[in-house]
There are 2 protein chains.
Amino acid sequence: MAAYAQGPHHRSPSVASDPVAGEGRQLILDTAARLLRQEGYAATSLRDIAAECGMKAGSLYHHFSSKDELIGEVLRIGVERVAAEVRRAVMALPPDADARTLLHIAVRTHLTVLLELHDYTSANVRIFGQVPAQVRDAHLGTRDAYERFWSALLKRCARTGGWNPRRKLGLVRLFVINALNGSLEWFADGQSTVEQLAHELTELVLDGLVAREPVAKRARPNAQR
Amino acid sequence: MAAYAQGPHHRSPSVASDPVAGEGRQLILDTAARLLRQEGYAATSLRDIAAECGMKAGSLYHHFSSKDELIGEVLRIGVERVAAEVRRAVMALPPDADARTLLHIAVRTHLTVLLELHDYTSANVRIFGQVPAQVRDAHLGTRDAYERFWSALLKRCARTGGWNPRRKLGLVRLFVINALNGSLEWFADGQSTVEQLAHELTELVLDGLVAREPVAKRARPNAQR
DNA sequence: GTCTATATTTGGATAGAC
DNA sequence: GTCTATCCAAATATAGAC
């Protein structure tokens with residue numbers, strides 16, 4: 001619901017000097033992100049977005065040259081925000097943090113931004129498979145950058161965490177990100193919290209389903225951080 | 001590419017007595033499934049489907065009362081086919097099959113149908129999040145039945161496989177199905193086979209990333225059936 | 001920066017001939 | 001069972017007034 005957006009970077013050059021410039025643009029972006037998240041790509045028309053902004057459809061073209069440009073902006077902001085949050089959370093950990101903590105924090109932060117904080121991120125996950133090929137292709141580079149961050153993170157974990165060297169980290173990354181983003185389709189407050197979800201997924205991926213001996217001896221590290 | 005479809009069950013009652021009835025209908029369904037898989041929901045028009053069938057758009061209405069009815073059929077067949085295949089593969093195993101074998105066969109069969117066999121199943125996974133709410137709601141029961149099959153399978157595995165009782169099987173099911181279906185977006189022949197994928201996912205979910213001692217001693221059960 | 005009005009396109013759906 | 005022809009609705013996009 002809240003109105004998050006990009007940071008001071010990536011602001012349109014033409015309005016960089018005006019302190020309140022982009023307010024109209026910002027409202028449009030926030031509204032578009034919310035509707036795209038709720039309704040999907042095809043069911044969100046420019047008329048709908050404009051109406052929610054208290055405007056008419058034609059007015060949007062003062063801020064964006066086409067629907068696809070607007071959608072592209074929402075997609076980009078969605079990825080860059082979650083990437084920035086996860087990166088920050090991981091970097092805030094001590095340099096010698098163990099693999100379990102690293103993975104748990106990354107998973108928890110991603111889920112928090114996706115499920116609780118950011119309409120842009122959830123809109124991205126929701127509509128990425130629905131947008132025209134041209135929009136998707138233009139956006140791929142931004143997604144790739146976040147995927148590379150995860151690759152590096154998993155590699156770091158594997159070095160320090162005593163991971164099974166037979167695991168193919170590329171597939172692990174795909175599995176984990178699919179599991180994270182897939183939660184958007186079924187997660188509902190009430191049956192479980194984001195914190196529980198993060199804990200479960202992290203333990204599943206690290207320890208697997210098969211019990212280790214002795215079962216009862218495994219501690220729950222970093223459950224609340 | 002191939003033209004799979006539903007079995008003798010679920011045939012439209014009005015044509016049940018005619019041996020070749022449904023041929024036109026079948027062609028339309030097969031074509032729709034293929035296009036929906038490739039292009040997505042919004043980008044697949046009735047004109048496109050008709051053209052690929054060598055027909056005109058209006059002719060489709062002799063076989064289906066609306067686009068949504070046609071799409072609903074494709075969705076249903078896609079789930080029922082993968083459910084039938086996975087169920088059959090699991091039932092073909094000996095009654096005392098171990099949990100690792102059960103899970104591996106179920107995962108492999110699902111991936112095979114999704115990625116190699118069945119346009120209907122991949123179309124279902126691809127467009128489920130894109131269709132109008134009305135179509136999706138009408139289809140939910142069919143999906144639920146397959147989800148319940150997985151729930152029962154995981155419960156059976158947990159009983160016989162020495163699984164960690166702290167794992168929440170409901171979440172495990174969601175994570176696994178997300179990971180399976182998510183592969184549709186990134187799987188490409190050449191970099192790895194379905195068999196390798198199934199093997200990796202099964203081992204990841206069962207054993208986790210953290211190496212067990214002694215690492216080298218773990219066998220690779222059922223790698224080639 | 002927003003409005004009204006409209007051009008243009010597209011796609012689902014229908015009617016009736018054959 | 002398929003065709004032609006057409007209707008209708010919806011959506012993107014543009015032009016020009018204010």
Side-chain angles (χ1 to χ4, degrees), chain A residues 11-12 14-32 35-36 38-75 127 130-136 138, chain B residues 11-12 14-32 35-36 38-75 127 130-136 138:
Chain A
R11 190 167 279 174
S12 171
S14 59
V15 297
S17 55
D18 183 351
V20 285
E23 230 185 38
R25 177 187 170 93
Q26 197 61 60
L27 175 61
I28 294 167
L29 281 168
D30 290 346
T31 305
L35 289 182
L36 289 168
Q38 291 169 350
E39 312 295 338
Y41 174 78
T44 301
S45 68
L46 294 181
R47 282 176 171 80
D48 294 336
I49 296 170
E52 290 275 317
C53 292
M55 299 166 61
K56 301 295 180 178
S59 309
L60 300 181
Y61 286 86
H62 180 75
H63 303 275
F64 300 92
S65 67
S66 71
K67 181 180 183 181
D68 285 352
E69 188 199 318
L70 169 57
I71 264 69
E73 270 295 280
V74 172
L75 290 177
I127 71 172
Q130 309 179 12
V131 299
Q134 194 177 352
V135 178
R136 195 170 56 247
Chain B
R11 191 168 279 175
S12 171
S14 59
V15 296
S17 55
D18 183 350
V20 285
E23 230 186 37
R25 178 187 170 92
Q26 197 61 62
L27 174 62
I28 294 166
L29 282 167
D30 290 347
T31 305
L35 289 181
L36 288 168
Q38 293 169 350
E39 313 295 337
Y41 174 77
T44 301
S45 68
L46 293 182
R47 284 174 171 79
D48 294 336
I49 296 170
E52 290 275 318
C53 293
M55 298 167 60
K56 300 295 180 178
S59 309
L60 299 181
Y61 287 85
H62 181 74
H63 303 275
F64 300 92
S65 68
S66 70
K67 179 180 184 181
D68 285 351
E69 189 200 319
L70 169 56
I71 264 70
E73 270 295 280
V74 171
L75 289 178
I127 71 172
Q130 310 179 12
V131 299
Q134 194 177 353
V135 179
R136 195 170 57 247

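Order of the sequence lines fixes the chain letters, A, B, ..., with proteins taken first and strands second; residue numbering starts at 1 for each chain.
Taking atom CG on Asp48(B) and atom C1' on dG11(C), their separation rounds to 10 Å, with Å as the unit. Here the P atom of nucleotide dG12(C) and the CG atom of Asp68(B) are 10 Å apart, to the nearest Å. Residue Lys56(B) contributes atom NZ, which lies 17 Å from atom C1' of dA13(C) at whole-angstrom precision. The separation between Phe64(B) atom CZ and dG1(D) atom C1' is 14 Å, rounded to whole Å. Separating the CD1 atom of Ile71(B) from the C1' atom of dG12(C) is a distance of 11 Å, rounded to the nearest angstrom. The NE2-C1' distance, from His63(B) to dT2(D), rounds to 8 Å in whole Å. Between the C1' atom of dA13(C) and the CG atom of Leu70(B) lies a distance of 14 Å, rounded to the nearest Å. Rounded to whole angstrom, the span from the CD atom of Glu39(B) across to the P atom of dG11(C) amounts to 12 Å.
Ile127(B) and Tyr41(B) get closest at one heavy-atom pair: CG2-N, 3.7 Å. Nearest heavy atoms, Glu39(B) versus Thr44(B): CB-OG1, 3.6 Å. Of all heavy-atom pairs between Glu73(A) and Phe64(A), the closest is CG-CE2, 4.3 Å. Closest heavy-atom contact between Gln130(B) and Gln130(A): CG-CG, 3.5 Å.
Mapping Ala42(A) and Gly58(B) onto DNA chain D by nearest heavy atom places Gly58(B) at the nucleotide closer to the 5' end.
Screening Ile28(A), Leu29(A), Leu35(A) against Thr31(A) for a side chain to side chain contact (heavy atoms under 4.5 Å, CB included) leaves a single residue, Leu35(A).
When distances run from any side-chain atom of Leu46(A) to the nucleotides dC3(D), dT6(D), dA13(D), the shortest one goes to dA13(D). Across dG12(C), dA11(D), dC3(D), the shortest atom-to-atom separation from the side chain of Ser59(B) is found for dC3(D). Among the nucleotides dT2(D), dG11(C), dT2(C), the one closest to the side chain of His62(A) is dT2(C). Checked against dT4(D), dT14(D), dG12(C), the side chain of Tyr61(A) finds its nearest nucleotide in dT14(D). Out of dT12(D), dA13(C), dT2(C), the shortest distance to the side chain of Arg47(B) is found at dA13(C). When distances are taken from the side chain of Met55(B) to each of dA13(C), dT2(C), dC3(D), the shortest belongs to dC3(D).
Residue-level contact check: Lys67(A) touches the backbone only, with heavy atoms under 4.0 Å from sugar-phosphate atoms and none from bases.
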